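So that the names make sense, note that chain A is the first sequence line, chain B the second, and so on, each numbered from 1. Here the structure is a predicted model, which is why all the values come from computation and not from measurement.
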Number of protein chains: 2
Amino acid sequence: MLSMKCKYALKALVVLAAEGKKLPSSAIAQKARVPAKFLEAILTDLRKADALTSERGAHGGHTLKGAPEKIMLGHVVRAMDGMLAPIPCASTFYYKKCDDCTDEKICVIRHAMLEVRNKISEVLDGLSLEDLLNMSPKKKQQLFW
Amino acid sequence: MLSMKCKYALKALVVLAAEGKKLPSSAIAQKARVPAKFLEAILTDLRKADALTSERGAHGGHTLKGAPEKIMLGHVVRAMDGMLAPIPCASTFYYKKCDDCTDEKICVIRHAMLEVRNKISEVLDGLSLEDLLNMSPKKKQQLFW
DNA sequence: TTAATCCATATAACTCTAATAGGAATTGAA
DNA sequence: TTCAATTCCTATTAGAGTTATATGGATTAA
Ligand code: FES
Ligand code: FES
């Protein structure tokens, strides 16, 4: 399950990608329709995840770090929610052993969930912010949701 | 994320499929390495999900309902954890509208997550308990994990 | 100096998870 | 009839995670 935090993060990044310029968090919150104070915390996490840069003070704001086609959904989702895999033993970035399984190599549950995690990764690590923008049929009006 | 409950449910069903006969919950708990009392509740849910039948009293127990190749992982996961989709608006069985989106049809987040949900469904609705059994290289010894 | 803005910390309400506990009801067999 | 095995039902619990809100400090440009 994608958390609201992660969904808001994606929306914030799409707004930044669409505008292509520095925006204060209040403007992002308004355009993305996200609770303003919650968004502040999210933007901090996105900065730590290297997805954007922030400038403080008057006329400060947040700018996308790098081109929209370089920022992948998988990276954002991992930074917000952790692993893509349905189960820790099937995760590559957040691997953790299963206490209730004795032999990981033969575990049929793990094998099945590895297939799932690979499919999820194929989609999310293959989609960039630019791809998201191009999904919108109403690009000009900036109505993305 | 797959809950422990769901993982235990899958393990219980794999045990039942492998043994191919009626088993009391205590025996399932032992073979599946699952907390016995927790398993009781899980078995009740699996019965409600039509995955097995239960007989009470002495010599009672639980029996797989239907052939192992007919019971799909997707069905089990949905019964235990709910939707497969990462987000409610992208779910077919557990659909729910997004409060923070005005137009679902153009929502780029939803479009991306629909792709994810379809891939997950392809895997989990395409794998049966029988398939899980066949994934094990040590079929004879019944070591599945 | 002021206003805008990011940043850090604390907190709160709520829900979900992963169980455990105790006992009632059912059944087959001695 | 009694016993033991077993499912079934209800309640409880401790801890974690989610989704925020509140307050105020630090930084910056005009
Ligand atoms: S090793 Fe993770 S489910 Fe078996
Ligand atoms: S409609 Fe669900 S994320 Fe936009």
For chain B and DNA chain C, what are the first and last nucleotides along the strand, 5' to 3', with at least one atom under 4.0 angstrom from a heavy atom of the protein chain? C/dA18 to C/dA29
Using atom CG of B/L46 as one end and atom P of D/dT7 as the other, report the distance to the nearest whole Å. 13 Å
Who else is in A/F93's hydrophobic cluster (ILVMFWY, side-chain heavy atoms under 4.5 Å, direct or via others)? A/M83, A/Y94, B/M1
Say whether, by atom type as modelled, one donor and one acceptor occur between the side chain of B/T102 and the main chain of A/W145 under 3.5 angstrom. yes
What is the distance, rounded to the nearest whole Å, between atom CG of B/L52 and atom C1' of D/dT7? 12 Å
When you measure from the side-chain N and O atoms of B/S54 to the phosphate of D/dT7, is any distance below 4.0 Å, counting only OP1 and OP2? no
Check the pair A/S128, A/D131 against side-chain hydrogen bond (donor to acceptor under 3.5 Å, both in side chains), reporting the backbone distance first and the verdict last. CA-CA 5 Å; A/S128 67; A/D131 294 328; 3.2 Å; yes
Comparing B/G61 with A/K5, nearest DNA chain D nucleotide closer to 5' gives the residue B/G61
Counting only pairs under 3.5 Å, give me each side-chain donor-acceptor contact of residues 58-68 of chain B, with atom names and distances, residues two or more places apart or in other chains.
{"unit_1": "B/H62", "atom_1": "ND1", "unit_2": "B/S54", "atom_2": "OG", "d": "2.8"}
{"unit_1": "B/K65", "atom_1": "NZ", "unit_2": "B/D50", "atom_2": "OD1", "d": "3.1"}

For DNA chain C, which residues in residues 30-42 of chain A have a heavy atom at a distance below 4.0 Å? A/K37, A/E40
Scan the side chains in residues 29-36 of chain B for donor-acceptor partners under 3.5 Å anywhere in the protein, sequence neighbours excluded, and list what turns up.
{"unit_1": "B/K31", "atom_1": "NZ", "unit_2": "B/E19", "atom_2": "OE2", "d": "3.4"}
{"unit_1": "B/R33", "atom_1": "NH1", "unit_2": "A/D100", "atom_2": "O", "d": "3.3"}

Under 4.5 Å between any side-chain heavy atoms of A/L10 and B/M113, yes or no? yes
B/R47 vs D/dC8: side-chain N/O to OP1/OP2 distance below 4.0 Å: yes
Is it true that a side-chain atom of A/H75 and a backbone atom of A/A49 form a donor plus acceptor pair closer than 3.5 Å? yes
Got a sec, which pairs hit salt bridge (Lys or Arg N to Asp or Glu O under 4.0 Å) with one end in residues 108-125 of chain B, sequence neighbours left out? B/R78-B/D125
May I have the distance from B/I28 (atom CD1) to D/dT6 (atom P), rounded to whole angstrom? 11 Å
With B/Y95, which residues qualify under ring pair (Phe, Tyr, Trp, His ring centres under 6.0 Å), at least two apart? none
Spacing between B/M1 atom CE and D/dA16 atom P, to the nearest angstrom: 15 Å
Under the side-chain contact (heavy atoms from CB on, under 4.5 Å) test, which residues partner A/D103, sequence neighbours left out? A/K105, A/I106
Could I get the full list of salt bridge (Lys or Arg N to Asp or Glu O under 4.0 Å) partners for B/E40, not counting sequence neighbours? B/K37
Hey, is the main chain of B/S3 close enough, under 3.5 Å, to the side chain of B/D81 for a donor-acceptor pair? yes
Dump every N/O contact between nucleotides 2-5 of chain D and the protein below 3.5 Å, one line per pair.
{"unit_1": "D/dA5", "atom_1": "N3", "unit_2": "B/A58", "atom_2": "N", "d": "3.4"}

OP1 or OP2 of D/dT19 versus the side-chain N and O atoms of A/Y8: is any pair under 4.0 Å? no
Between D/dT19 (P) and A/M80 (CE): distance, integer Å: 13 Å
Contacts of B/F38 that satisfy ring pair (Phe, Tyr, Trp, His ring centres under 6.0 Å) - sequence neighbours left out: B/Y8
Between D/dA20 (C1') and B/D100 (CG): distance, integer Å: 14 Å
If we only count heavy atoms from C-beta on, is the B/V15 to B/F144 side-chain gap below 4.5 Å? no
Rounding to the nearest 10°, end axes of the helix from C/dT1-D/dA30 to C/dA30-D/dT1 built from five pairs each make an angle of 0°
